[in-house]
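Have a look at the structure below before the remarks.
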Amino acid sequence: MKVIKRDGSTVSYDRNKIKRAIQKANSEVAPNEKVSDDTIEDIISSIENRNRSRMLVEDIQDIIEQKLMDEKKFVLAK
């Protein structure tokens with residue numbers, strides 16, 4: 001999958017970038033706002049399972065935010 005960045009450039013999808021970003025945000029919130037590694041993997045899988053050839057980075061962020069809010073992790077989602 002290709003990811004279209006905000007500046008219009010296209011890069012190859014890298015699941016590790018998403019994982020690191022969520023883990024970094026996870027480390028900055030209270031324990032009750034954290035998500036497990038399994039939940040992070042589920043979020044990444046939900047992006048990958050869409051089987052899209054291209055996605056906007058904003059769409060990926062929206063999916064992540066929605067999944068975190070579904071988990072009632074509102075502070076983490078922000």
Side-chain angles (χ1 to χ4, degrees):
M1 172 173 30
K2 296 292 183 181
V3 177
I4 303 165
K5 297 171 67 172
R6 284 184 180 80
D7 67 4
S9 63
T10 302
V11 296
S12 294
Y13 170 79
D14 181 356
R15 75 184 337 261
N16 290 319
K17 285 185 178 182
I18 296 170
K19 186 173 187 174
R20 283 192 302 270
I22 298 172
Q23 287 173 331
K24 182 179 177 189
N26 225 10
S27 71
E28 297 176 7
V29 296
N32 65 321
E33 275 293 320
K34 294 182 186 298
V35 290
S36 68
D37 286 340
D38 287 341
T39 300
I40 294 171
E41 285 298 321
D42 289 343
I43 292 169
I44 294 170
S45 292
S46 74
I47 294 165
E48 294 171 348
N49 290 339
R50 292 170 188 262
N51 293 321
R52 305 253 315 264
S53 59
R54 299 175 358 161
M55 282 187 88
L56 296 171
V57 71
E58 290 90 349
D59 292 341
I60 293 172
Q61 290 174 326
D62 289 347
I63 293 165
I64 294 167
E65 185 175 288
Q66 185 59 53
K67 294 289 183 184
L68 291 173
M69 290 172 47
D70 290 347
E71 294 288 326
K72 309 286 189 240
K73 304 300 183 185
F74 303 108
V75 173
L76 183 59
K78 294 295 172 195

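Through side-chain heavy atoms spaced under 4.5 Å, either directly or across other Ile, Leu, Val, Met, Phe, Trp or Tyr residues, Phe74 is tied to Met69. Hydrophobic cluster membership for Ile4: Leu56 (Ile, Leu, Val, Met, Phe, Trp, Tyr linked by side-chain heavy atoms under 4.5 Å, directly or transitively).
For the residue pair Ser36/Asp38, the side-chain donor-acceptor check at 3.5 Å is not satisfied.
Applying the side-chain hydrogen bond (donor to acceptor under 3.5 Å, both in side chains) rule to Asp70 yields the partners Gln66; only residues at least two apart in sequence or on another chain are considered. Not counting sequence neighbours, the partners of Lys2 by the side-chain hydrogen bond (donor to acceptor under 3.5 Å, both in side chains) test are Ser12. With sequence neighbours excluded, the residues that form a salt bridge (Lys or Arg N to Asp or Glu O under 4.0 Å) with Lys19 are Glu41. By the side-chain hydrogen bond (donor to acceptor under 3.5 Å, both in side chains) test, Asn16 is found to be paired with no residue, residues two or more places apart in sequence or in another chain being considered. With sequence neighbours excluded, no residue forms a side-chain hydrogen bond (donor to acceptor under 3.5 Å, both in side chains) with Lys5.
Listed by first and then second residue, the side chain to side chain donor-acceptor pair (under 3.5 Å) pairs involving residues 48-63 are Arg6-Gln61, Tyr13-Glu48, Arg15-Glu48 (not counting sequence neighbours).
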Side chain to side chain contact (heavy atoms under 4.5 Å, CB included) between Val3 and Lys17, intermediate numbers included: CA-CA 12 Å; Val3 177; Lys17 285 185 178 182; over 6 Å; no

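The distance from atom CG of Asn32 to atom NZ of Lys72, rounded to the nearest 0.5 Å, is 14.5 Å. Note that CD1 of Ile47 is 4.0 Å distant from CD1 of Ile18, once rounded to the nearest 0.5 Å.
For the residue pair Met55 and Ile63, the shortest heavy atom distance occurs at CE-CD1, 3.4 Å. Minimum heavy-atom separation, Glu65 to Lys78: OE2-NZ, 4.5 Å.
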Compile the donor-acceptor pairs under 3.5 Å between side chains in residues 22-30 and protein atoms, sequence neighbours left out, one pair per line.
| residue | atom | partner | partner atom | Å |
| --- | --- | --- | --- | --- |
| Asn26 | OD1 | Val35 | N | 2.9 |
| Asn26 | ND2 | Val35 | O | 2.8 |
| Ser27 | OG | Lys24 | O | 2.7 |

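Proximity of a side-chain donor or acceptor of Ser45 to a complementary backbone N or O of Asp42 within less than 3.5 Å is not detected.
Other residues, nucleotides and ligands place no more than 12 heavy atoms under 6.0 Å from the NZ atom of Lys67.
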